[in-house]
Amino acid sequence: MLEMGHWLFEIADAVEQRAKVMGKREIVLNGGLSVSGLQHIGRLRGEVLTGEAVRKILEKRGYKVKQIIVLYTQDAWKGKEKQLKQFEGEEGRKYIGYPLIKVPDPKGCHANWVEHYWEDFGGVLDKFSDGKIEVVRTTDLYAKELKEVTKEFIEKRELTRSVVNKYRGRNPYPEDWIPIEPVCQNCGRIDGAKAIKIEGDLVEYICKHCGYHGKTKLENGKLNWRLEWAGIWKALDIDFEPFGKDHATPGGSRDSCVELATTVLKIQPPIGLPYEWVAIRQGKKEMDMGSSDFIGITPKEWLEIADPEVLRYIYFSTPPKKRIVIDLTEIPQYYEQLYHGERAYFMRKEGKSLSEEEEEAAINYELSILTDPPERLPFQLSYYTAALLVQSLPKEDIYDSALKRLRASKIIAGELSEFEKERIKSILIKASNWVEKYAPEQVKYAVRAELPAELKGSLRFKDSLIELGNKLISLENWNEDEIKKAMIEHTSSMNDEERKIFYREFYIVMIGKDSGPRAAPLLAALGKDVVKEKLIESLESK
RNA sequence: GGGCCCGUGGCUCAGCCAGGUAGAGCAGCGGGCUUUUAACCCGUUGGUCCCGGGUUCAAAUCCCGGCGGGCCCGCCA
């Protein structure tokens, strides 16, 4: 089998094996996110896309698979520095200890904190996946699926306590402990009400923050997080769930939850998978993306500059425990990696023999694409070329004008399929956003609005530049080769020193910097009109 | 205290799971092409695979013990 050895297929095998042993008809994959702030692209790695890839593999094998993401909306809002800063002034302080779902939207545009920060992640999930992912919130689960298991923990509180206390050496729960943490009806906090009595579906509690003594429904609270996680496994019948490295420590949360699952809830814990976090590099600095610290970019922001397949390819081709560092200035290289996988995929399809590395690249490509693969290897527009091109094109008409130039310069020949057209269109738009937001300086150039008069006066080769302009606009074929030829011819009589100055002035006139992208491709991209305007009209005037 | 990841030519890294002649890209050097502008093409230099032990006919790869760098957990989630 080609896929042997690929980590995603190994997980799929393990999950399949588990399902077989347990005789399950439907396999359930889970992921969990607490919406404590910025929902960055790192969170797609383990909790969403790993599951999606495993689901894809298992579905291909004929299994019915459900994929869920649980949002931990009942967790307490901690009021970390960056979280507080989302609010005006000191307003945020009021909400410390509130369940996330009860914290208002600091920007005022959504129903609450969770909905606001979930939007740029959840709202584009269907673009990063096939969309067949069910999103649930713990707030709702407590009213339904988690009800039974909550009661089970309360009934088995002694056993539960003996297990949990193994992991709470210095701060064990006391003998009268009741495993439910209610929301205080007086001060709104979920992080301090102590349950003292259970009466059917009601819990009586005393709040340590405000001293309030009251009763509320069980569902208006939450389980201690270890119980909660294990409880979700049981309530939703989970077969597989990845978890971040913070949960992976031996004797840590995953281990303690496994023990609760087997000894208290009497279930087989799901297959787990520890994964590393994703970092972002900005200049020389490199930081793990973080939700409550608001570090990173959201999936929505990623879509502005790159296709989702590109990120999927990075994630699928990297073993889960390896750290990934995303550098947004390297988007062109990330595209090349996806293209590499694409070429490998089509080589395999054509029956060519592949190296092991290419085999793997082909598999990663297959996992990364979101639509059926095209018939044959599609045209691969270099992202870098696109970035150069778009800087000289009218934004409104970017696709048609780009296509014209790409054909004129013979980068594209022949008819394009729908797939190719769509992809080119997408890359052009994304590359143009990338130039604005993240591209390194050397990639950028601008067609300057107007040449300052004092500069114009000091140009040594002003007449020669005008002459070149005239030669260029009379060219029959506007393509790189012709332009290059004309330029070589024009500068052939100059010596090295003169030529150097000539080119410097050329760039200053064209783009306002004394150097820039290669002259011929640049001019090909800019078009005749711009040449006429810059080299002739602006120099002749006055 | 416990655990994870990484350590391979100047740089970035692949190879390690399934042991079998040390690889790629960039940089360097030589040449070609071209007036270059994050170029391209051909050729080429360069490596005690962090160190020490073990297993083996054979170790970058497996096992044990160190060292250096990054990170996680220690009762919040």
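The chains referred to below are lettered A, B, ... by the order of the sequence lines, with proteins before strands, and numbering in each begins at 1. Owing to the predicted nature of the structure, the values given are computational and were not obtained by experimental measurement. Hydrogens, waters and symmetry mates are skipped; everything else that's a heavy atom, side chains included, is used.
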K.L.:
Can you check the A/Glu286 CD to B/rC5 C1' distance for me, whole Å?
P.N.:
13 Å
K.L.:
Quick one: side chain to side chain contact (heavy atoms under 4.5 Å, CB included) partners of A/Lys471, sequence neighbours excluded?
P.N.:
A/Glu467, A/His490
K.L.:
Considering only heavy atoms from C-beta outward, does the side chain of A/Thr138 approach that of A/Val70 to under 4.5 Å?
P.N.:
yes
K.L.:
Work out how far the C1' atom of B/rC42 is from that of B/rG53, and round it to whole angstrom.
P.N.:
46 Å
K.L.:
On a whole-Å scale, what distance lies between the P atoms belonging to B/rC62 and B/rG20?
P.N.:
11 Å
K.L.:
For the pair made of CZ in A/Arg254 and P in B/rC76, what is the distance, rounded to whole Å?
P.N.:
21 Å
K.L.:
Which residues pass the side chain to side chain contact (heavy atoms under 4.5 Å, CB included) test with A/Pro106, sequence neighbours left out?
P.N.:
A/Gln86, A/Phe87, A/Trp113, A/Tyr117
K.L.:
Taking atom C1' in both B/rC5 and B/rC50, what distance in whole Å separates the two?
P.N.:
16 Å
K.L.:
Hey, what are the protein-to-nucleotides 7-11 of chain B N/O distances that come in under 3.5 Å?
P.N.:
none

K.L.:
When you check the phosphate oxygens OP1 and OP2 of B/rC76, does a side-chain N or O of A/Asn224 lie under 4.0 Å from one of them?
P.N.:
no
K.L.:
What distance, rounded to whole Å, do you find between the two P atoms, one in B/rG65 and one in B/rC76?
P.N.:
33 Å
K.L.:
Judged by each residue's nearest nucleotide on RNA chain B, which is more toward the 5′ side, A/Asp288 or A/Thr491?
P.N.:
A/Thr491
K.L.:
Rounded to whole Å, how long is the line connecting atom OH of A/Tyr275 with atom P of B/rC71?
P.N.:
19 Å
K.L.:
Report the distance from atom CD of A/Glu359 to atom P of B/rG15, rounded to the nearest whole Å.
P.N.:
15 Å
K.L.:
Please identify each residue that fulfils side-chain hydrogen bond (donor to acceptor under 3.5 Å, both in side chains) with A/Gln17, with sequence neighbours left out.
P.N.:
none
K.L.:
Looking only at the side chains, is there a donor atom on one of A/Tyr438 and A/Gln282 sitting less than 3.5 Å from an acceptor on the other?
P.N.:
no
K.L.:
Determine the interatomic distance between P on B/rC49 and the same-named atom on B/rU61; round to the nearest Å.
P.N.:
9 Å
K.L.:
Within the 4.0 Å heavy-atom criterion, would you say A/Gly252 contacts the bases, only the backbone, or no part of the nucleic acid?
P.N.:
nothing
K.L.:
Report the base-pairing partner of B/rG1 (Watson-Crick or G-U wobble, both distances below 3.5 angstrom), or none.
P.N.:
B/rC73
K.L.:
Just name whichever nucleotide pairs with B/rC62, Watson-Crick or G-U, keeping both distances under 3.5 Å, else none.
P.N.:
B/rG54
K.L.:
Name the residue from A/Leu44, A/Leu38, A/Thr298 that meets the side-chain contact (heavy atoms from CB on, under 4.5 Å) definition with A/Phe121.
P.N.:
A/Leu44
K.L.:
Which value, in whole Å, describes the distance between the C1' atoms of nucleotides B/rG31 and B/rG68?
P.N.:
42 Å
K.L.:
Rounded to the nearest angstrom, tell me the gap between atom CZ in A/Arg323 and atom P in B/rC71.
P.N.:
7 Å
K.L.:
Classify A/Asp75 by what it touches in the nucleic acid, base, sugar-phosphate, or nothing, heavy-atom distance under 4.0 Å.
P.N.:
sugar-phosphate
K.L.:
What's the closest nucleotide to the A/Glu10 side chain, out of B/rC17, B/rC76, B/rG2?
P.N.:
B/rC17
K.L.:
Taking atom C1' in both B/rA14 and B/rG7, what distance in whole Å separates the two?
P.N.:
14 Å
K.L.:
Using whole Å, what does the distance between atom P of nucleotide B/rC76 and atom NE2 of A/His247 come to?
P.N.:
14 Å
K.L.:
Between P on B/rC73 and CD on A/Glu276, what's the gap in Å once rounded to a whole number?
P.N.:
11 Å
K.L.:
Angle between ring planes, A/Trp177 versus A/Tyr173, binned at 30° and 60°: parallel, tilted or perpendicular?
P.N.:
parallel
K.L.:
Could I get the full list of side chain to side chain contact (heavy atoms under 4.5 Å, CB included) partners for A/Lys245, not counting sequence neighbours?
P.N.:
A/Glu276, A/Trp277, A/Asp288
K.L.:
Can you give me every donor-acceptor pair (side chain of residues 92-103 of chain A, partner residue at least two apart or in another chain, under 3.5 Å) with its distance?
P.N.:
{"residue": "A/Arg93", "atom": "NE", "partner": "A/Glu90", "partner atom": "OE1", "Å": "2.8"}
{"residue": "A/Tyr95", "atom": "OH", "partner": "A/Glu91", "partner atom": "OE2", "Å": "2.7"}

K.L.:
Kindly indicate whether the side chain of A/Lys245 and the base of B/rC73 share any N or O donor-acceptor pair separated by less than 3.5 Å?
P.N.:
no
K.L.:
Consider the side chain of A/Pro332, meaning its heavy atoms from C-beta on, and name the nucleotide among B/rA38, B/rG3, B/rC76 that approaches it most closely.
P.N.:
B/rA38
K.L.:
How long is the line joining NZ of A/Lys321 and P of B/rC4, in whole Å?
P.N.:
7 Å
K.L.:
P atom, B/rG28 versus B/rG69: distance in rounded Å?
P.N.:
31 Å
